[in-house]
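FYI, side chains are in, hydrogens and waters are out, and symmetry mates aren't considered; it's all heavy atoms of this structure. Nothing here was measured: the structure is a model prediction, and the numbers come from that model.
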Amino acid sequence: MAAPALTLSLAASSLTRPTVCAGAPRAVSARPRLALRVEVQSQSRGHAAAAASSLLDAPSAEEMAAPVATVHSPDEFQAILDANKDKMVVLMCKATHCRPCKLFAKKYAMAAMQYSDAVFTQIMGDENKANRSMMIENKVKVTPTFIIYRGGQKVHSHGGINETNLHRYISKYLQPGEAGYGTFVEPEEAAAAAAR
């Protein structure tokens, strides 16, 4: 069976849209607007879904370059903890169906580059029974959940895709001299400093 053909086209049009100015609608001058149209030509909808899914799952350049280790078992993760007792280890607990996990992967990879002295790992909680048990033991209720280890011991855990929280807690457990130490500033403090 042939693979689906994916066609991308970019079209310019001279459409106007009404805007509201001083309470009265008026037409604006014609500006070219670009429209992107994606066509998937296949023999079934299943092929189209597979093509779209593979585009979403494709790793970005940042993900490819970032030092994020994917672990496939609790034993493999324990070996990383044992080998890096003097470093911070950050674990991202994910699930295959988790769209926020996929969308946050690029930001996680960027954090791995910023805090290069820490070891960044990720694990799929639904990959096998052992991983699922590990998620239950760590009380993972939402994905993604980020767990931070220091000296082989769990020191922090939080869920969700709030980038500020990720940087806040990584910075909290960094030690002087490690990459990224002292670089995090609370958003409120940064706004106050910018206002001065």
Side-chain angles (χ1 to χ4, degrees), residues 17 19-22 31 33-34 36 52-53 55-71 77 80-81 83-127 131 134-196:
R17 60 183 169 179
T19 59
V20 177
C21 182
R31 293 182 300 183
R33 292 179 53 197
L34 297 177
L36 179 65
S53 176
L55 289 174
L56 178 64
D57 295 340
S60 67
E62 289 83 5
E63 291 174 278
M64 296 296 286
V68 177
T70 301
V71 294
F77 180 68
I80 290 173
L81 281 179
N84 295 287
K85 288 204 181 281
D86 59 330
K87 295 183 177 184
M88 178 190 308
V89 177
V90 183
L91 174 66
M92 179 181 183
C93 302
K94 305 174 8 173
T96 54
H97 68 278
C98 176
R99 185 171 175 90
C101 298
K102 293 173 186 174
L103 295 174
F104 198 74
K106 183 176 180 180
K107 292 178 181 176
Y108 188 65
M110 297 297 284
M113 288 189 283
Q114 180 178 350
Y115 305 108
S116 58
D117 288 336
V119 177
F120 282 72
T121 60
Q122 59 187 0
I123 191 166
M124 285 289 184
D126 55 358
E127 184 176 12
N131 289 5
M134 181 180 169
M135 298 302 111
I136 292 168
E137 288 171 16
N138 284 298
K139 298 181 174 99
V140 173
K141 304 248 186 258
V142 299
T143 54
T145 290
F146 301 93
I147 305 173
I148 300 174
Y149 295 84
R150 224 358 154 174
Q153 299 298 313
K154 179 177 167 180
V155 294
H156 175 77
S157 174
H158 77 275
I161 59 170
N162 185 322
E163 186 177 10
T164 302
N165 280 344
L166 179 65
H167 287 282
R168 176 181 293 127
Y169 294 115
I170 288 173
S171 296
K172 181 178 179 178
Y173 295 103
L174 281 175
Q175 294 179 348
E178 292 181 326
Y181 179 79
T183 59
F184 176 75
V185 178
E186 289 290 341
E188 297 81 24
E189 294 173 15
R196 286 186 232 151

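Minimum interatomic distance between K85 and G152 (heavy atoms only, all atoms of both residues): NZ-CA, 4.3 Å. L174 and M88 make their closest contact through N-CE, 3.4 Å (heavy atoms, listed as atom of the first residue, atom of the second, distance). Taking all atoms of both residues into account, the shortest heavy-atom contact from H156 to Y173 is CB-CE1, 3.6 Å. Summarising the geometry of I123 relative to M135, their closest heavy-atom pair is CG2-CE, 3.6 Å, with the distance given to 0.1 Å. Residue K94 comes nearest to T143 through the heavy atom pair C-CG2, 3.9 Å, listed as atom of the first residue, atom of the second, then distance. The minimum heavy-atom distance linking R150 with K87 is given by the pair NH1-C, 3.3 Å.
In this structure a side-chain-to-backbone donor-acceptor pair under 3.5 Å is present from T121 to V90.
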Side-chain donor-acceptor contacts of residues 110-119 below 3.5 Å, not counting sequence neighbours, with atom names and distances?
{"residue": "Q114", "atom": "NE2", "partner": "T183", "partner atom": "OG1", "Å": "3.3"}
{"residue": "Y115", "atom": "OH", "partner": "H167", "partner atom": "ND1", "Å": "2.9"}
{"residue": "D117", "atom": "OD2", "partner": "A179", "partner atom": "N", "Å": "2.7"}

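More than 12 heavy atoms of other shown residues, nucleotides or ligands fall within 6.0 angstrom of atom CD in E188. With a 6.0 Å radius and a threshold of 12 heavy atoms from other residues, nucleotides or ligands, K172 has its NZ atom at or below the threshold.
The shortest side-chain heavy-atom distance between T164 and P187 falls under the 4.5 Å cut-off. The shortest distance between side-chain heavy atoms of V89 and L91 does not fall below 4.5 Å. Looking at V68 and M92, their side chains never come closer than 4.5 Å, going by heavy atoms from C-beta outward.
If you take OH on Y169 and OG on S157, they are separated by 10.5 Å, rounding to the nearest 0.5 Å. Rounding to the nearest 0.5 angstrom, the gap separating the CD1 atom in I148 from the CD atom in Q153 is 14.5 Å. How far OG1 of T96 is from CD of E127: 9.5 Å, rounded to the nearest 0.5 Å. In this structure, NZ in K139 is found 6.5 Å from NZ in K154, a value given to the nearest 0.5 Å. Note that CE of M124 is 8.5 Å distant from SG of C98, once rounded to the nearest 0.5 Å. In this structure, the separation between CZ on F104 and CG on L166 is 5.0 Å, given to the nearest 0.5 Å.
Every residue two or more places apart in sequence or in another chain that forms a ring pair (Phe, Tyr, Trp, His ring centres under 6.0 Å) with Y149 is listed here: F77.
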